[in-house]
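Comments concern the structure below.
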Amino acid sequence: MPLHLIKLCVGCDSVQDLKDWIKEQLARKKRSGENGKRFHRTRMVPKRVDELLDGGSLFWVIRGEVLCRERILGIEPFTDKDGIGRCRIVLDGKVKLVQPRPYRAFQGWRYLIAKEAPPDLDRTA
């Protein structure tokens, strides 16, 4: 059974804002010749990597509600230019809507077990 992460989507007011930001980020990388991978950088490296890579997603909390998710493709620990350990959570960049659910503010990310994750919305919803 997959394990998920949940994180606040700071700076986005809507799912469309997130989609637009992803599109802009990937276009900028393409123009500059960078690797076109979509990732989110965090300070802490998850310890339960195998479970996350077994079909896990990063669920985004936008304006106090879990609204969407992106599939996790990889976890890449690295050291930044200041010598501080960081982590790239590699994502597929395909934002999927989920059944909205209120979620209080928190710092960083949290694990989200599969049975507590909101279900995807179908296209008609």
Side-chain angles (χ1 to χ4, degrees):
M1 185 173 290
L3 181 67
H4 307 290
L5 295 177
I6 188 165
K7 182 150 181 39
L8 298 182
C9 191
V10 178
C12 288
D13 289 325
S14 67
V15 173
Q16 190 59 52
D17 279 354
L18 176 60
K19 288 179 178 180
D20 292 345
W21 185 80
I22 291 169
K23 186 176 179 182
E24 180 183 311
Q25 180 189 44
L26 293 176
R28 186 185 71 245
K29 285 181 176 188
K30 187 175 182 180
R31 284 192 305 271
S32 68
E34 290 180 57
N35 183 331
K37 270 196 281 192
R38 159 90 174 118
F39 64 85
H40 181 75
R41 187 175 35 242
T42 68
R43 187 172 63 90
M44 301 301 294
V45 178
K47 305 275 188 260
R48 299 169 69 181
V49 173
D50 291 340
E51 293 169 271
L52 291 170
L53 297 179
D54 187 25
S57 291
L58 177 58
F59 283 78
W60 289 110
V61 178
I62 300 173
R63 299 193 54 85
E65 289 188 299
V66 181
L67 294 178
C68 59
R69 68 179 182 89
E70 292 179 79
R71 180 95 184 254
I72 297 172
L73 302 178
I75 303 291
E76 300 176 349
F78 71 100
T79 303
D80 69 12
K81 64 182 178 173
D82 298 320
I84 300 170
R86 304 279 185 208
C87 178
R88 287 184 196 94
I89 301 170
V90 182
L91 304 165
D92 71 356
K94 298 173 185 167
V95 176
K96 295 188 175 157
L97 297 176
V98 300
Q99 184 176 338
R101 179 179 301 165
Y103 208 91
R104 62 175 171 67
F106 60 95
Q107 290 186 352
W109 50 260
R110 302 282 186 269
Y111 290 115
L112 180 65
I113 60 174
K115 69 180 182 181
E116 293 178 3
D120 288 353
L121 290 177
D122 63 15
R123 289 186 172 267
T124 59

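None of the values given here were measured: they were computed from a predicted structure.
Remark: Gln16 CD is packed, more than 12 non-hydrogen atoms of other residues, nucleotides or ligands lying under 6.0 Å away. More than 12 non-hydrogen atoms from other residues, nucleotides or ligands lie less than 6.0 angstrom from CZ of Arg101. Atom CZ of Arg110 has more than 12 heavy atoms from other residues, nucleotides or ligands within 6.0 Å. For Asp80, the CG atom is densely surrounded, since the number of other residues' heavy atoms within 6.0 Å is greater than 12. Within 6.0 Å of NZ in Lys29 there are more than 12 heavy atoms belonging to other residues, nucleotides or ligands.
Using a distance-only test at 3.5 Å, with no hydrogens or angles considered, a donor-acceptor pair links the side chain of Tyr111 to the main chain of Arg48. A distance-only check finds no donor-acceptor pair linking the side chain of His40 to the backbone of Ile89 [under 3.5 Å].
Cys87 SG to Arg43 CZ: the interatomic distance, rounded to the nearest 0.5 Å, is 12.0 Å. Of the inter-residue distances, the one linking Asp17 atom CG with Lys19 atom NZ reads 11.5 Å to the nearest 0.5 angstrom. The line from CD of Glu76 to CZ of Arg41 is 12.0 Å long, rounded to the nearest 0.5 Å. The distance from atom CG of Asp54 to atom CD1 of Ile72, rounded to the nearest 0.5 Å, is 11.5 Å. Taken from CG in Leu26 to CZ in Arg38, the straight-line distance is 7.0 Å, to the nearest 0.5 Å.
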inquiry  = Using side chain to side chain contact (heavy atoms under 4.5 Å, CB included), reason through Ile75 and Val90 one step at a time and then give a plain yes or no.
reply    = CA-CA 6 Å; Ile75 303 291; Val90 182; over 6 Å; no
Side chain to side chain contact (heavy atoms under 4.5 Å, CB included) between Ile113 and Leu3, worked out = CA-CA 5 Å; Ile113 60 174; Leu3 181 67; 4.0 Å; yes
request  = Begin with the C-alpha distance, continue with both residues' side-chain angles, and end with the deciding distance and a verdict on side chain to side chain contact (heavy atoms under 4.5 Å, CB included) for Val98 and Lys96.
outcome  = CA-CA 6 Å; Val98 300; Lys96 295 188 175 157; 5.6 Å; no
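Criterion: ILVMFWY side-chain heavy atoms under 4.5 Å apart, direct or through other members. Under it, Val95 and Leu5 are part of a common hydrophobic cluster. In this structure, Met44 is not a member of the same hydrophobic cluster as Phe106, with clusters built from ILVMFWY side-chain heavy atoms closer than 4.5 Å. Hydrophobic clustering, with ILVMFWY side chains joined whenever heavy atoms are under 4.5 angstrom apart, keeps Trp109 apart from Phe59. In the hydrophobic clustering of ILVMFWY residues, with side-chain heavy atoms under 4.5 Å counting as a link, Leu52 and Phe39 come out apart. By the criterion of side-chain heavy atoms lying less than 4.5 angstrom apart, applied directly or through intervening Ile, Leu, Val, Met, Phe, Trp or Tyr residues, Val66 is not grouped with Leu97; the two fall into different hydrophobic clusters.
Residue Val45 comes nearest to Arg86 through the heavy atom pair CG2-O, 3.8 Å, listed as atom of the first residue, atom of the second, then distance. In terms of heavy-atom proximity, Arg71 sits nearest to Ser57 at CA-OG, 3.7 Å. Scanning both residues, Gly93 and Ile22, for their nearest heavy atoms gives O-CG2, 4.1 Å. A pairwise comparison of heavy atoms in Pro2 and Gly56 identifies CB-N, 3.7 Å as the closest pair.
Side-chain contact between Asp120 and Arg69: present, with at least one pair of heavy atoms (C-beta onward) separated by less than 4.5 Å. Annotation: side chain of Lys37 is not in contact with side chain of Leu73 (no heavy-atom distance under 4.5 Å).
Screening Val61, Leu18, Ile62 against Leu67 for a side chain to side chain contact (heavy atoms under 4.5 Å, CB included) leaves a single residue, Ile62.
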